[in-house]
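Okay, so here's the structure we're looking at.
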Amino acid sequence: MKPAESMTPRAASAVSHPNIALIKYWGNQDATLRLPANSSISMTLGGLETRTKVEFRPELRQDEFRLNGEKASNQALLRVSRHMDLIRKLAGIDSRAHVSSHNSYPHAAGVASSAAAFAALTRAGCAAAGIELSDRELSTLARRGSGSAARSIFGGFVEWHAAADDAASFAEPIAPPDHWPLVDLIAVVSQEEKSVGSTEGHALAQTSPLQEARVGDAERRLEICRQAILKRDFDQLAEVAEQDSNAMHAVMLTSVPPLYYWQPHTLAIMTAIGHWRSRGLGVFYTVDAGPNVHCICRPEHEAQARDHLEGLAGVKMVLRAEAGEGARLV
């Protein structure tokens, strides 16, 4: 890290993208540091973006946070303010900040909005505070705000390493965005905010009798996923990603209390995708902590997959994304 220079804090803006985990993160070794129970692999989703501006204002007595043009909830403000405290500590400053953020996609509905939000906040906050971090250091810092934000610092296909200490748990790219032009068609069945957020859900993971087996088998799934990405082996990626998604939701369903993120339409889409793929359509599903279904498809099969999805009952809209860039200043 480059030490903060003697300067007046300023404003900076950054854009970031959510990511879809192909090998999931669920459960922590350390909840405060957000050290994951297992490593994970994702694809950064270009086309869906969060734009965040951080402006330090010496006259403010406390941080301010506006989301999509509206004053954010006290809970959201507290989470942002705690992350800004980490940045202020690194920079050696105490000025409060005005933070404004805008999403181009539904918030808190299983589309990794917090990952994009804290990747953008980390990038913009550090620039506004006058400190320079390496991408690895930014990834480690972003993780403290939202675990999956560690991955959204980078573009393309990304692996986030599990570790028992803060500095060793960071993400790094496996392949750039243009390595494999996969398309993610997100079948949105609900735009409502989740009743149980991911942070609370992670804390329940250890109450499931299936979590230990899921984590114990993670390295096998990770290796299959890495090789499938590097070799652009769609069938292999489809099989391991669906298995991993189902394993995470099995943990959720058997937690105490259980978490029911799937809705009837979620399961209907998953079932339909298995049928379509058996008939030669290059598409598979993966579902994060929410009801909406990420349908990853070969680019040449995108139009047909979209037609099929839009014809299903319960699909309110279909969002499109492809492998995109990492968090960057604008």
Side-chain polar contacts of residues 119-127 - donor-acceptor pairs under 3.5 angstrom, sequence neighbours left out - could you list them?
unit_1, atom_1, unit_2, atom_2, d
Thr122, OG1, His83, NE2, 2.8
Thr122, OG1, Phe118, O, 2.6
Arg123, NE, Ala327, O, 3.3
Arg123, NH2, Asp135, OD1, 3.2
Arg123, NH2, Ala327, O, 3.1

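At a threshold of 4.0 Å, the pair Arg320-Glu302 counts as salt-bridged, since one of the basic side-chain nitrogens sits closer than that to a carboxylate oxygen. A salt bridge is absent between Arg221 and Glu223; no separation between the charged side-chain nitrogens and carboxylate oxygens falls under 4.0 Å. At a threshold of 4.0 Å, the pair Glu219-Arg226 counts as salt-bridged, since one of the basic side-chain nitrogens sits closer than that to a carboxylate oxygen. Salt bridge Arg144/Asp85: absent, no basic N to carboxylate O contact under 4.0 Å. A salt bridge links Glu310 with Arg306; the closest basic N to acidic carboxylate O contact falls under 4.0 Å.
Between the OG atom in Ser100 and the NE2 atom in His102 there is a gap of 5.0 Å [rounded to 0.5 Å]. Rounded to the nearest 0.5 angstrom, Thr199 OG1 and Gln75 CD are separated by 8.5 Å. The CD atom of Glu132 sits 10.5 Å away from atom CD of Glu137, with the distance rounded to the nearest 0.5 Å. A distance of 8.0 Å separates CG in Asp244 from SG in Cys225, rounded to the nearest 0.5 Å. We find the SG-CG distance between Cys295 and Asp184 to be 7.5 Å, quoted to the nearest 0.5 Å. A distance of 9.5 Å separates CH2 of Trp26 from CD of Gln211, quoted to the nearest 0.5 Å.
Inter-residue side-chain proximity for Arg88 and Phe56 is flagged as met; some heavy-atom pair is nearer than 4.5 Å. Using a 4.5 Å heavy-atom threshold, the side chains of Val188 and Val318 count as separate. Side-chain contact between Val158 and Ile41 is absent, with no heavy-atom pair separated by less than 4.5 Å. The closest side-chain heavy-atom distance from Leu237 to Leu182 is below 4.5 Å. Residues Val15 and Glu325 have side chains not in contact (no heavy-atom distance under 4.5 Å, counting atoms from C-beta outward). Within the 4.5 Å cutoff, the side chain of Leu230 has heavy atoms near those of the Ile174 side chain. The side-chain heavy atoms of Ser40 and Arg151, taken from C-beta on, include a pair separated by under 4.5 Å. Residues Leu329 and Ser13 are not in side-chain contact: their nearest non-hydrogen atoms beyond the backbone lie 4.5 Å or more apart.
When the salt bridge (charged side-chain N to carboxylate O under 4.0 Å, His left out) test is applied to Arg34, no partner is found at least two apart in sequence or on another chain. Applying the side-chain hydrogen bond (donor to acceptor under 3.5 Å, both in side chains) test to Ser245 and every residue at least two apart in sequence or in another chain returns nothing. Thr254 meets the side-chain hydrogen bond (donor to acceptor under 3.5 Å, both in side chains) test with Ser208; sequence neighbours excluded. Asn28 pairs by the side-chain hydrogen bond (donor to acceptor under 3.5 Å, both in side chains) definition with Tyr25, not counting sequence neighbours. Contacts of Thr50 classified as side-chain hydrogen bond (donor to acceptor under 3.5 Å, both in side chains), with partners at least two apart in sequence or in another chain: Asn103, Tyr105. Qualifying salt bridge (charged side-chain N to carboxylate O under 4.0 Å, His left out) partners for Glu172, counting only residues two or more places apart in sequence or in other chains: none. For Arg220, the salt bridge (charged side-chain N to carboxylate O under 4.0 Å, His left out) partners are Asp217, not counting sequence neighbours.
Summarising the geometry of Ile131 relative to Ile87, their closest heavy-atom pair is CD1-O, 4.2 Å, with the distance given to 0.1 Å. Between Ala115 and Asn19, the closest heavy-atom pair is CB-ND2, 3.7 Å. Heavy atoms only, all atoms of each residue included: Asn38 and Ala218 are closest at CB-CB, 3.8 Å. Smallest separation of non-hydrogen atoms from Leu35 and Ala163: CB-O, 3.7 Å. Heavy-atom minimum distance, Ser114 versus Ala149: O-CB, 4.4 Å. Nearest heavy-atom pair, Phe154 versus Ser139, reported as atom, atom and distance to 0.1 Å: CE1-CB, 3.8 Å.
Applying the salt bridge (charged side-chain N to carboxylate O under 4.0 Å, His left out) rule to pairs touching residues 266-279 yields Glu242-Arg277, sequence neighbours excluded. Applying the ring-ring contact (aromatic ring centres under 6.0 Å, His included) test to residues at least two apart or on different chains, the pairs with a partner in residues 162-201 are His161-Phe170. Pairs of residues two or more places apart, or lying in two chains, never qualify as ring-ring contact (aromatic ring centres under 6.0 Å, His included) while including a residue from residues 123-148. Applying the ring-ring contact (aromatic ring centres under 6.0 Å, His included) test to every pair with at least one member in residues 236-257, sequence neighbours left out, gives these pairs: His249-Trp262.
One N or O on the side chain of His301 and one on the backbone of Gly282 form a donor-acceptor pair closer than 3.5 Å. Put simply, the side chain of Gln29 gets close to the backbone of Pro36: a donor and an acceptor are under 3.5 Å apart. With hydrogens and angles disregarded, a donor-acceptor distance shorter than 3.5 Å links the side chain of Ser104 to the backbone of Glu49. A side-chain donor-acceptor contact under 3.5 Å links Asp63 to the backbone of Ala97. Checking side-chain atoms of Ser190 against main-chain N and O of Glu192 turns up a donor-acceptor pair under 3.5 Å. Of the possible polar contacts, none joining the Arg57 side chain to the Leu60 backbone as a donor-acceptor pair under 3.5 Å is found.
Side-chain heavy atoms closer than 4.5 Å link hydrophobic residues (I, L, V, M, F, W, Y) into clusters, and following such links, possibly through other members, connects Ile153 to Val80. Under the 4.5 Å side-chain heavy-atom criterion for Ile, Leu, Val, Met, Phe, Trp and Tyr, Val287 and Met317 are members of distinct hydrophobic clusters. Linking ILVMFWY side-chain heavy atoms closer than 4.5 Å, directly or via other members, places Ile23 and Ile296 in a single hydrophobic cluster. If you chain together hydrophobic residues whose side chains sit under 4.5 Å apart, Tyr285 and Leu319 never meet in one group. Note: the hydrophobic cluster containing Phe157 also contains Ile224 (ILVMFWY, side chain heavy atoms under 4.5 Å, direct or indirect links).
Judged purely by distance below 3.5 Å, without hydrogens or angles, the side chains of His98 and Glu64 pair a donor atom with an acceptor atom. A donor and an acceptor atom, one from each side chain of Ser169 and Trp160, are located under 3.5 Å apart. Side-chain contact of Tyr261 with Asn292: a donor-acceptor pair under 3.5 Å is absent, judged by distance alone. For Lys24 and Thr286, the side-chain atoms include at least one donor-acceptor pair closer than 3.5 Å.
Within 6.0 Å of atom CD in Gln62, 12 or fewer heavy atoms from other residues, nucleotides or ligands are found, so the atom counts as exposed in its surroundings. Remark: Glu212 CD is loosely packed, at most 12 non-hydrogen atoms of other residues, nucleotides or ligands lying under 6.0 Å away. Within a 6.0 Å sphere centred on CG of Asp165, other residues, nucleotides and ligands contribute more than 12 heavy atoms.
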